[in-house]
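Working notes, structure below.
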Amino acid sequence: MKKIMIDAGHGPETAGKRSPDGTLREFTFNEATAICVKKLLTTEGFTVIFSHDHSRDVSLSERISLANKLKVDAFVSIHANAFGNHWNEAEGIETFTWLHANETSTRMATCVQQALIMRTGRKNRGVKKADFAVLRDTAMPAILVECGFMTNKEEAYLQKSIHYQQQCAQAIVFGILCSLK
């Protein structure tokens, strides 16, 4: 049985991780989507572990340490993007791997990105590489997904909707399943 760690990026109190009007906290979207991902993966026979805690901010080092200690088969971090602190036109979905990602991480990122674009119809910002700690320091295939911009009025509105959260979760799960075949 495969073990997947799902990370609702940041935490409930992380400063600045909000839409410009304050009506959406990034963690609210991340956690709701993560819960849906867990339900869907569990029905597929996976063991799903959360790296986050809805009652406190969990440090990056704690998240990474837990993933490595439990020897999970994959690490998936879910986020809502932002460009500055004001409403703007930045939009779309992008998925990240580490700068020196292994083949499994690259395949997972590609599958998840394609599924998200097909499921949501949002702008495709592509698969990108970054030196994020959760990608660099985890010992298993790892991706970080940015499911649209909180600083774009249309995408912030979508991120507040259960329908969009479910669409993102379904696409993430589909991408994970396709990449692990």
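Reckoned from all heavy atoms, side chains included, excluding hydrogens, waters and symmetry mates.
- Residues K17 and R25 fail the side-chain proximity criterion, which asks for heavy atoms closer than 4.5 Å.
- Ion pair D73/K3 not flagged as a salt bridge, since none of the NZ, NE, NH1 or NH2 atoms sits closer than 4.0 Å to an Asp/Glu carboxylate oxygen.
- No side-chain donor-acceptor contact under 3.5 Å links Q159 to the backbone of F29.
- Checked by atom type, the side-chain pair S65/N68 shows no donor-acceptor distance below 3.5 Å.
- When atom types are taken as modelled, the side chain of Q113 and the backbone of V127 share no donor-acceptor pair closer than 3.5 angstrom.
- Looking only at atom types and distance, the side chain of W98 has a donor-acceptor partner in the side chain of D131 under 3.5 Å away.
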Show your working on side-chain contact (heavy atoms from CB on, under 4.5 Å) between D7 and F50 and close with a plain yes or no.
-> CA-CA 6 Å; D7 174 52; F50 284 151; over 6 Å; no
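- For N85, the CG atom counts as loosely surrounded, since its 6.0 Å shell holds 12 or fewer non-hydrogen atoms of other residues, nucleotides or ligands.
- A continuous path of ILVMFWY side-chain contacts below 4.5 Å connects V37 to F46, so both sit in one hydrophobic cluster.
- In the hydrophobic clustering of ILVMFWY residues, with side-chain heavy atoms under 4.5 Å counting as a link, I93 and I143 come out together.
- Heavy-atom neighbours of F174 CZ from other residues, nucleotides or ligands within 6.0 Å: at or below the threshold of 12.
- In terms of modelled atom types and a separation under 3.5 Å, the side chain of H52 and the main chain of A8 share a donor-acceptor contact.
- A donor-acceptor pair under 3.5 Å links the side-chain atoms of S19 to the main chain of L24, judged by distance alone.
- Ring pair F96/F132: centre-to-centre distance below 6.0 Å.
- Residues L180 and I6 are members of one and the same hydrophobic cluster, defined by side-chain heavy-atom contacts under 4.5 angstrom among Ile, Leu, Val, Met, Phe, Trp and Tyr.
- No more than 12 heavy atoms of other residues, nucleotides or ligands sit less than 6.0 Å from atom NZ of K153.
- A donor-acceptor contact under 3.5 angstrom links the side chains of K160 and T23, judged on distance only.
- Judged by distance alone, with hydrogens and angles left aside, the side-chain atoms of S105 form a donor-acceptor pair with the main-chain N or O of A142 at under 3.5 Å.
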What's the verdict on salt bridge (Lys or Arg N to Asp or Glu O under 4.0 Å) for E155 and R122, showing C-alpha distance, side-chain angles and the deciding distance?
-> CA-CA 9 Å; E155 290 187 346; R122 303 308 305 163; 3.1 Å; yes
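- Salt bridge present: K128 and E94 bring a charged side-chain N and a carboxylate O closer than 4.0 Å.
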